[in-house]
Each structure stands twice: as C-alpha cells, then as structure tokens.
Undergrad: 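One structure is given below, represented as structure tokens, and several questions about it will come after.
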Amino acid sequence: MALATSGRLEGHGVLVSKPFYVTTPIYYVNDKPHIGHTYTTVMADALARHHRMLGEDVYFLTGTDEHGQKIEKTAASRGITPQQLVDEVAPNFENLWKQMGLTVDHFVRTTHASHKATVQARFTELLARGDIYKATYKGLYSVSDEAYVTEIQAKEMQAQGLAHQLVELEEESYFFRLSSYENWLIQLYEKCPEFVQPDFRLNEVKQFVSPGGERGNLQDLSISRTSITWGIPVPGDEKHVVYVWFDALLNYLSASKQGHWPPAVQLVGKDILRFHAVYWPAFLMAIYRQEGDDLKGALPDRICAQMPKTILAHGWWLMGETKMSKSLGNIVRPKELLHFGTDAARFFLLRDMHIGHDRAFTFEAFIDRLNADLANGLGNLASRSISMLQRYRKGVVVEPVQYDAADTEVRELLRQAAPQYLERASRHDFNGALDGLWAFLRHLDGYIVKAEPWKLAKDEANAQKLDTVLAQLYRALRLTALLAGPVMPELCQQLWESLGLTGHVMDLRFADLDVEAPAPGPVSDPKPLFARIDKETAMNEIEAIRAEAAPQPAAPQPLDLPPVKENIDYDTFAKTDLRVGLILEAEEVPKSKKLIKMKVDLGFEQRTILGGIKEAYAPADLVGRRVVVVANLAPRAMMGIESHGMLLCASDNASKPYLIAPPEDAKPGFVVR
RNA sequence: GGCUGGGUAGCUCAGUUGGUUAGAGCGAAGGUCUCAUAAUCCUUAGGUCGGCGGUUCGAAUCCGCCUCCAGCCA
C-alpha cells in the first residue's frame with residue numbers, strides 16, 4: 001500500500017495521511033518579483049512536492065500583503081483606489097507562480113474578506129481578554145520606513161543626514177501585550193529547538209527575547225495606526241486600522257486549511273525572522289490560551305501543539321557583494337532567471353544556496369553549475385547509459401546475476417542513495433541532498449570508464465558483466481528521476497520517460513521505491529535532457545533581456561514626500577546662515593556607508609564638513625562643486641571626525657540626495673537668502 | 001559599543017571527540033578513452049589552514065590576545 005509508511009489509521013480504520021502545511025511569506029504586493037521571491041517560493045514548492053511524494057497531505061500557501069501607507073500613496077498618485085491598485089498588481093506574483101508551474105494550493109490576499117474577518121475576530125477576542133489594550137504611543141517616526149524608530153536608530157539616521165525623514169508623532173494606538181509572553185516564548189525555544197532553523201538563528205531570537213543585559217525585556221507591540229486608512233479597521237474603533245504584523249502574520253491562520261494546522265514549515269527571509277519567531281508565536285499563544293493558563297508558569301503542551309513546527313530562515317541572494325536593491329537596479333528578474341528553463345533555475349537555486357546563508361549571484365556561476373551538473377553530469381550520463389542499452393541490448397534491461405567488486409560498490413551506493421537523500425531533504429537541506437546525489441552520479445561516470453562496456457560488448461563471454469553495468473546505470477537514473485523530481489519536475493519526468501517508464505513521477509511515492517525492481521519495458525530513444533550552454537552567447541542573451549527591462553525603472557516613480565512642517569516666523573528662519581561653499585577636497589570616511597568628508601571653502605574660512613551623500617556621489621565628482629552650506633550649524637562629531645556645517649540637499653523620502661547647486665559665478669561665502 | 005558566527009587551494013565550500021603526505025566541486029593545464037551533449041576518465045595545481053603567543057609528544061582542529069568580515073541588538 002502506497003501510503004503505508006506515512007499515513008495513520010484514524011477512528012474507523014480510515015487511512016489519513018499526515019498533513020504538511022508549508023507557507024512562504026506574503027509578498028508586498030507593490031514589489032516587483034525578483035530572485036528573492038522566486039527562491040523562497042521555489043523552495044516551498046520543492047518542499048511541497050517532496051512531501052507529497054512522502055505520501056503526506058500537503059497544503060502549500062503563498063500570497064500577497066496588500067495594506068499600508070505605500071499602497072495608499074501609490075494609488076493616490078495614480079488617481080485610483082488602493083483596491084484598484086492591489087487588484088491590478090497582485091497577479092504579478094500569482095501569474096509568475098502559475099507560469100513556473102508551482103503547485104500552490106492557495107493564494108491568499110490580505111484584502112480578502114475572509115482574511116479581514118479573521119483579523120477582526122481575533123482582534124476583538126484578544127481585546128476582550130486583555131491581550132490587546134489601548135494606550136498612547138509617542139515617538140519619532142520614520143516616514144520612509146513607515147515605522148517608529150528607537151533613539152539609537154534616530155541618532156544614526158540624523159548622522160546619515162536622514163533627519164528629514166523623522167517626524168515626531170504621538171498617537172493613540174492599540175498594543176499587543178507581547179511582554180506577557182516572554183516566559184512562554186523562552187520555553188518554546190527551549191522545548192522545540194527546531195522551531196527556528198538554522199540553529200544559529202535561534203540564538204539570535206533567544207537573545208532578542210531575553211537579552212539578559214540592560215535593555216530589559218520584551219515590550220508591548222503597537223498594532224494599530226490612526227495615520228493610515230488603507231488597512232483593516234479595528235472593530236468598533238474605526239479610526240484605527242490594524243497595523244502590519246497583526247494583519248500580515250494572521251494570513252497563515254486565516255488562509256489555513258481544515259485539518260492542516262499547525263504549519264510544518266514556514267519559509268521566511270532572515271530579515272523578517274523576528275516577526276515570525278517572536279510576534280507570530282506570541283499571537284498564537286494569545287489566541288489559543290484558555291482561562292486558567294498561567295503565563296508565568298510552564299508552557300502547556302496544548303499550546304505547544306498549536307505552534308508552527310519550524311520557521312525556516314533563509315539568507316539572501318546578493319548581487320556581487322551587495323544586497324539586491326530596487327533603487328540600485330541590481331536585481332535579478334524572473335525573466336532572466338528563467339531564461340534557461342524553470343527546472344534549471346530551480347536546480348540552481350536549491351543546489352547553490354546553503355540554507356540560511358547569503359549567497360552571491362552571478363550568471364557565470366549559474367551557467368557553470370548548469371553545464372557541469374545538468375549537461376555534462378546528469379544529461380550526459382543519461383545519454384550515454386540509454387544509448388548503450390539500446391546499442392548493446394536493444395533497449396532491454398537484463399536483470400543482473402553477478403556482481404564483481406566494482407559492481408558491488410555501486411550496488412551499495414545505490415542502496416544508500418535514497419536514505420541519504422531523504423534524510424538531508426527532511427532537514428530542508430536540498431543543497432546537501434543534491435550534492436550527495438550528484439557525487440554518486442560522478443562515481444557512475446568513473447564506473448563506466450573502468451568497466452568499459454564498449455569492450456565488454458565485443459565478447460559474448462562478458463555478457464553478464466555488461467548486463468550488470470547497464471542495469472545498475474538504469475537503476476541509478478530511475479532513482480535520480482524519482483528523488484530529484486520535486487526539485488526538477490519536468491526534467492525528471494522527461495528522464496523517466498526516456499527510461500521507458502510510464503506515469504508521472506509526481507504521482508509516485510518514495511515509500512514505493514524499489515531500487516532493484518526489474519525494468520517494466522525497454523528504454524526509449526534518449527532525448528537530450530539539458531543542452532550545454534555556450535557561456536558567451538548566453539551572457540549576450542541575458543544582457544539583451546536586462547537591457548530590455550532597464551527602461552522600466554526609469555518610468556516616473558511617484559514621489560514620496562514628507563508632510564510640510566508647521567509654520568515658523570521669519571526671525572526663526574533668519575537665524576539660519578546659509579552660504580555658498582566650494583568643495584576643495586573630498587574623501588570617503590572609512591567604515592561609514594554614507595559619509596563623505598569634505599574640505600569646503602566658505603570664502604572667509606575653510607572647513608571640514610561631513611555629508612551623508614556617499615550613495616549618490618563619488619568623492620572625485622564632488623571636488624570643484626559649489627554647494628549651499630548651513631554655516632552656523634553647531635559643530636558635531638561623526639565617526640570620530642568633527643563636522644562644522646551641513647550641505648543642503650534635495651530629495652523625497654525614497655530618492656538619493658541631490659546637492660543644491662548655486663550657479664557657477666556665485667562666489668564662496670555669498671550669503672544665500 | 002554588546003552578543004553570536006566566521007576568516008582553509010583562483011572561485012564556492014567540507015574538514016568528525018587534536019594524530020600518518022589538509023580534502024571535494026568548479027575553473028585552469030597536460031594526457032586518455034570512444035558508449036555519450038567537443039561530454040567522460042586520469043594527473044597536475046605546490047594553500048604560512050587570517051596574524052601572534054600558549055597548552056601538548058603532536059593543532060586547521062583546544063586556550064589567550066590581535067585583526068578583518070558577516071549577522072542580531074524591537
């Protein structure tokens with residue numbers, strides 16, 4: 001019976017397979033899909049397929065996060081409603097996953113009525129029992145981040161010349177009593193160390209929840225806003241909308257499927273781990289706790305059972321040394337990634353990324369990997385094996401009757417391949433699983449060369465040895481098609497059919513695997529599995545695709561302007577002494593990401609001034625420029641260097657700073673008024 | 001600044017509880033076979049295992065200091 005090893009018998013002897021609920025984060029609907037989204041979702045798809053082949057009852061959820069101020073603003077700038085905007089762009093993601101053939105079971109949107117109903121119901125519940133309360137929140141708010149910032153962050157931003165993005169705000173807000181769940185959270189991490197993977201991420205989470213230092217413990221979490229209108233209204237107090245995390249995280253609950261709770265694996269980028277490993281379980285604890293549960297006492301098993309089994313935090317694909325960023329335009333679009341086929345992209349992403357770590361992406365590495373492992377490796381091995389079967393045995397796989405030392409070694413490797421692969425995959429380690437499987441494939445190429453089937457075929461006396469070699473190659477390819485099926489569904493299906501096998505690989509179960517099962521029929525004609533890529537040609541093609549896409553970012557972006565500050569009288573303004581300056585020297589400040597140190601001539605004196613403009617200007621381009629300087633700004637030290645004065649720049653919240661430039665004939669020292 | 005994890009062949013990385021000549025893949029060079037996708041296979045590359053000091057019969061592997069990098073610090 002196919003499901004015998006993975007199912008369990010319930011009540012009346014009905015076989016129920018084990019549920020497997022896997023999620024990706026919901027993607028911010030306004031973003032354009034790139035390699036990061038693709039990686040996460042492909043990983044989830046491979047896990048989903050893998051667990052289906054383990055015989056489990058899989059539910060694979062992904063979706064979009066559709067609320068927030070940015071949506072509101074973008075929609076306003078285009079003169080449409082936020083709902084129209086999200087309806088327009090949400091398919092960007094959904095269609096990509098469909099185009100890639102991902103086996104998503106449900107695509108959740110936070111603007112769905114059922115999601116909103118869940119959020120409101122839970123909000124009301126938690127409010128009633130005191131896990132949510134109303135209070136006043138006061139602090140510095142970063143407009144571009146749409147978040148309050150800490151004092152430390154505020155200082156950093158000021159030092160980087162981003163003070164204009166900060167606004168002092170005081171507003172009424174609903175708070176989630178996160179502080180109450182510290183004890184239970186710590187117990188969760190202790191009891192279930194696999195709750196966060198990889199393990200070094202768990203340490204970060206623990207340290208955050210219980211730093212043991214002077215910072216004190218968890219603080220309550222603001223979960224509503226009055227400054228935003230595009231969101232889920234707080235029931236009964238509709239000038240508030242539910243703020244991002246209480247809205248977004250609950251998608252996993254609102255879109256969950258009957259019988260599949262709790263999630264088995266939740267994939268997240270390392271940047272949002274904290275929200276998933278701290279806030280999310282705390283929300284669930286609040287939702288699932290009952291009267292009489294002691295928050296100071298032991299975490300009840302009943303609660304534990306409602307927690308996601310694993311939050312799997314993966315690293316980022318980097319472009320060269322730096323993080324991909326939309327503003328730098330150095331992102332890898334799906335179209336480029338899928339240029340060599342969906343399965344090639346899937347294989348590369350899962351084979352090359354060490355789960356949890358960052359990885360630099362280059363098209364060279366991408367092509368090298370495909371050529372080495374898919375063309376020269378698996379593709380060529382399949383081609384030569386099938387070709388020999390046809391040439392020497394008319395496609396028929398003869399059952400081996402004898403094994404010499406080399407044959408026995410391969411037979412043993414063949415026996416170990418599946419358990420090793422499955423064990424690694426069960427730890428979500430496709431990188432390791434594929435690495436091990438491909439090491440075996442390499443061994444087979446050596447096995448062929450040593451056995452020299454082309455010589456064996458010339459003498460009938462060696463017929464049995466030849467049969468053994470050919471049969472083992474056949475078995476290895478059949479096994480590979482099965483094991484790697486979840487990673488490369490199409491290629492493995494093609495290989496499966498080349499081996500003369502029928503049915504769909506995806507419909508098979510690992511449990512049914514019999515490595516040495518006889519071949520049901522002769523092999524088919526070998527079709528090239530994966531054509532070798534000519535690097536130079538391919539790089540040109542990629543360049544062309546990128547160039548095609550390049551004009552897109554140049555399309556006018558909506559401005560992200562901060563609100564106008566309150567009025568001041570003339571005398572207040574007149575206190576500011578603005579002068580024309582001439583930049584004489586400029587150099588980068590070591591270790592600083594933003595600062596440039598400049599020597600500026602103000603006519604009456606020369607000064608050292610630091611500016612947070614490294615992202616926008618190279619030092620060499622600054623020398624000789626005329627700038628406007630706040631001449632009477634009190635000196636202050638940054639990065640150990642005293643800066644006397646400030647350069648005026650123009651920008652909105654999203655753009656880089658543009659230096660204000662006086663005309664060429666303005667003399668250093670001229671007063672700006 | 002605090003905490004954590006790292007710095008191993010050109011590149012990406014393995015290196016179990018310290019022990020004979022420090023490994024793999026890719027890339028590069030030379031050679032070989034011919035079943036195969038100009039593929040495969042074999043050999044080679046002479047890497048102060050970040051630096052200094054210590055423990056030890058013996059350390060990439062333990063300890064200390066230094067240095068550089070990354071991550072987390074709501």
Side-chain angles (χ1 to χ4, degrees), chain A residues 139 145 147-153 155-156 176 178-179 196 198-222 245 270-275 277-279 282 313 315-316 318 321-323 351-354 356-362 364-393 431-432 434-436 438-439 441-458 466 469-470 473 526-535 590-591:
Chain A
D145 298 334
Y148 283 96
V149 298
T150 60
E151 284 179 31
I152 296 169
Q153 287 177 319
K155 278 181 187 164
E156 276 175 14
F176 173 74
L178 184 63
S179 57
V196 173
D199 51 6
F200 63 91
R201 296 284 174 203
L202 178 63
N203 291 335
E204 287 177 8
V205 171
K206 280 184 186 172
Q207 192 197 340
F208 173 77
V209 172
S210 180
E214 56 201 63
R215 198 191 77 218
N217 301 330
L218 284 178
Q219 288 171 22
D220 291 346
L221 185 69
S222 167
W245 290 109
K270 61 180 185 178
D271 51 327
I272 52 172
L273 171 62
R274 202 180 65 225
F275 309 109
V278 181
Y279 301 172
W316 287 328
L318 309 175
E321 297 296 308
T322 52
K323 193 193 168 189
R351 173 65 187 81
D352 265 46
M353 180 65 101
H354 294 68
H357 294 88
D358 290 351
R359 182 83 175 180
F361 177 89
T362 64
E364 285 88 344
F366 185 20
I367 295 168
D368 284 344
R369 170 66 71 191
L370 299 180
N371 279 338
D373 284 359
L374 293 187
N376 301 349
L378 177 61
N380 184 54
L381 180 65
S383 175
R384 68 197 304 202
S385 302
I386 294 169
S387 174
M388 285 191 286
L389 271 165
Q390 290 188 316
R391 183 180 292 222
Y392 305 138
R393 290 291 181 267
N431 165 49
L434 294 168
D435 189 34
W438 255 255
L441 296 182
R442 273 195 299 278
H443 184 89
L444 292 175
D445 274 323
Y447 176 57
I448 293 174
V449 169
K450 286 191 195 100
E452 299 183 299
W454 45 94
K455 286 186 184 165
L456 297 176
K458 287 175 183 162
L466 181 58
V469 172
L470 295 178
L473 292 172
K527 290 177 202 129
L529 263 191
F530 188 87
R532 193 179 162 76
I533 299 165
D534 180 76
K535 209 167 177 178
K591 294 183 187 176

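Scope of the values below: all heavy atoms of this structure, side chains included, with no hydrogens, waters or symmetry mates. Sequence lines set the chain letters: A, B, ... in the order given, protein chains first and strands last, and positions in each chain run from 1. Being a predicted model, the structure only gives us computed values, none of them experimental.
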Undergrad: Could you give the distance separating B:G6 and B:G10 at their P atoms, to the nearest angstrom?
TA: 23 Å
Undergrad: Classify the ring geometry of A:Trp245 against A:Phe275: parallel below 30°, tilted from 30° to 60°, perpendicular beyond 60°.
TA: parallel
Undergrad: Which whole number of Å gives the distance between the P atom of B:U67 and that of B:A24?
TA: 36 Å
Undergrad: Roughly how far apart, to the nearest Å, are B:G71 and B:C65 at atom C1'?
TA: 24 Å
Undergrad: Could you tabulate the donor-acceptor pairs under 3.5 Å formed by side-chain atoms of residues 449-457 of chain A, not counting sequence neighbours?
TA:
| residue | atom | partner | partner atom | Å |
| --- | --- | --- | --- | --- |
| A:Glu452 | OE2 | A:Lys455 | NZ | 3.1 |

Undergrad: Whenever both distances are under 3.5 Å in a Watson-Crick or G-U wobble pair, mark it; put RNA chain B into dot-bracket that way, with [ ] for crossing pairs and | when the partner is on another strand.
TA: (((((((..((((.....[...)))).((((.........)))).....(((((..]....)))))))))))).
Undergrad: If I take atom OG from residue A:Ser222 and atom CG from residue A:Leu178, how far apart are they, to the nearest 0.5 angstrom?
TA: 12.0 Å
Undergrad: Could I get the full list of salt bridge (Lys or Arg N to Asp or Glu O under 4.0 Å) partners for A:Arg384, not counting sequence neighbours?
TA: A:Asp445
Undergrad: Determine the Euclidean distance between corresponding C1' atoms of B:C41 and B:G5; express it in Å to zero decimal places.
TA: 40 Å
Undergrad: Determine the Euclidean distance between corresponding P atoms of B:C11 and B:U16; express it in Å to zero decimal places.
TA: 22 Å
Undergrad: Taking A:Asn371 for the side chain and A:Ile533 for the main chain, is one N or O donor matched with an acceptor at less than 3.5 Å?
TA: yes
Undergrad: When you measure from the side chain of A:Ser383 to the backbone of A:Gly379, do you find a donor-acceptor pair of N or O atoms at a distance under 3.5 Å?
TA: no
Undergrad: Given atom CG of A:Leu318 and atom C1' of B:G71, what is their separation to the nearest angstrom?
TA: 12 Å
Undergrad: In whole Å, I'd like the distance from the CG atom of A:Asn371 to the P atom of B:C26.
TA: 12 Å
Undergrad: Please give, in whole Å, the distance from B:A74 C1' to A:Leu273 CG?
TA: 13 Å
Undergrad: Walk along nucleotides 29-37 of chain B from 5' to 3' and tag each nucleotide B, S or - by protein heavy-atom contact under 4.0 Å, base first, then sugar-phosphate.
TA: ----SSBBB
Undergrad: Partners of A:Tyr279 by side-chain hydrogen bond (donor to acceptor under 3.5 Å, both in side chains), sequence neighbours excluded?
TA: none
Undergrad: Can you name the closest pair of heavy atoms from A:Leu218 and A:Phe208 and give their distance?
TA: CD2-CE2, 3.8 Å
Undergrad: Measuring only the C1' atom in each nucleotide, how far is B:C13 from B:U56? A whole number of Å is fine.
TA: 30 Å
Undergrad: In whole Å, measure the gap between the P atoms of B:A9 and B:C66 for me.
TA: 25 Å
Undergrad: Below 3.5 Å is the cut-off: list the nitrogen or oxygen pairs between protein and nucleotides 2-8 of chain B, distance only.
TA:
| residue | atom | partner | partner atom | Å |
| --- | --- | --- | --- | --- |
| B:G2 | N2 | A:Gln207 | NE2 | 3.3 |

Undergrad: Rounding to an integer number of Å, can you tell me how far A:His443 NE2 sits from B:C42 C1'?
TA: 15 Å
Undergrad: Answer with base, sugar-phosphate or nothing: what part of the nucleic acid does A:Lys270 contact at a heavy-atom distance below 4.0 Å?
TA: sugar-phosphate
Undergrad: Count the heavy atoms belonging to other residues, nucleotides or ligands that lie under 6.0 Å from NZ of A:Lys535, then report whether that count exceeds 12.
TA: yes
Undergrad: Nearest-nucleotide wise, let me know which of A:His357 and A:Val205 is further upstream toward the 5' end of RNA chain B.
TA: A:His357
Undergrad: Considering only atom P, compute the distance from B:A22 to B:C49 and round it to an integer number of Å.
TA: 11 Å
Undergrad: How long is the line joining NZ of A:Lys450 and C1' of B:C42, in whole Å?
TA: 10 Å
Undergrad: When you measure from the side chain of A:Asp220 to the backbone N and O of A:Ser179, does any donor-acceptor pair fall under 3.5 Å?
TA: yes
Undergrad: Nearest to the A:Arg359 side chain among B:U12, B:C26, B:A74, which nucleotide is it?
TA: B:U12
Undergrad: Out of A:Leu374, A:Ile367, A:Asp373, A:Asp368, which one pairs with A:Leu370 under the side-chain contact (heavy atoms from CB on, under 4.5 Å) rule?
TA: A:Leu374
Undergrad: Should A:Trp316 and A:Asp271 be marked as a side-chain contact (heavy atoms from CB on, under 4.5 Å) after you check the CA-CA gap, both sets of side-chain angles, and the distance that decides it?
TA: CA-CA 9 Å; A:Trp316 287 328; A:Asp271 51 327; 3.4 Å; yes
Undergrad: Nearest whole angstrom, please: distance from the P of B:C72 to the CG of A:Asp199.
TA: 17 Å
Undergrad: I need the CG-P distance between A:Asp373 and B:A24, as an integer number of Å.
TA: 17 Å
Undergrad: Taking A:Arg359 for its side chain and A:Asp352 for its backbone only, find out whether a donor-acceptor pair lies under 3.5 Å.
TA: yes
Undergrad: Could you tell me the separation between the CG atom of A:Asn431 and the P atom of B:U12, rounded to a whole number of Å?
TA: 15 Å
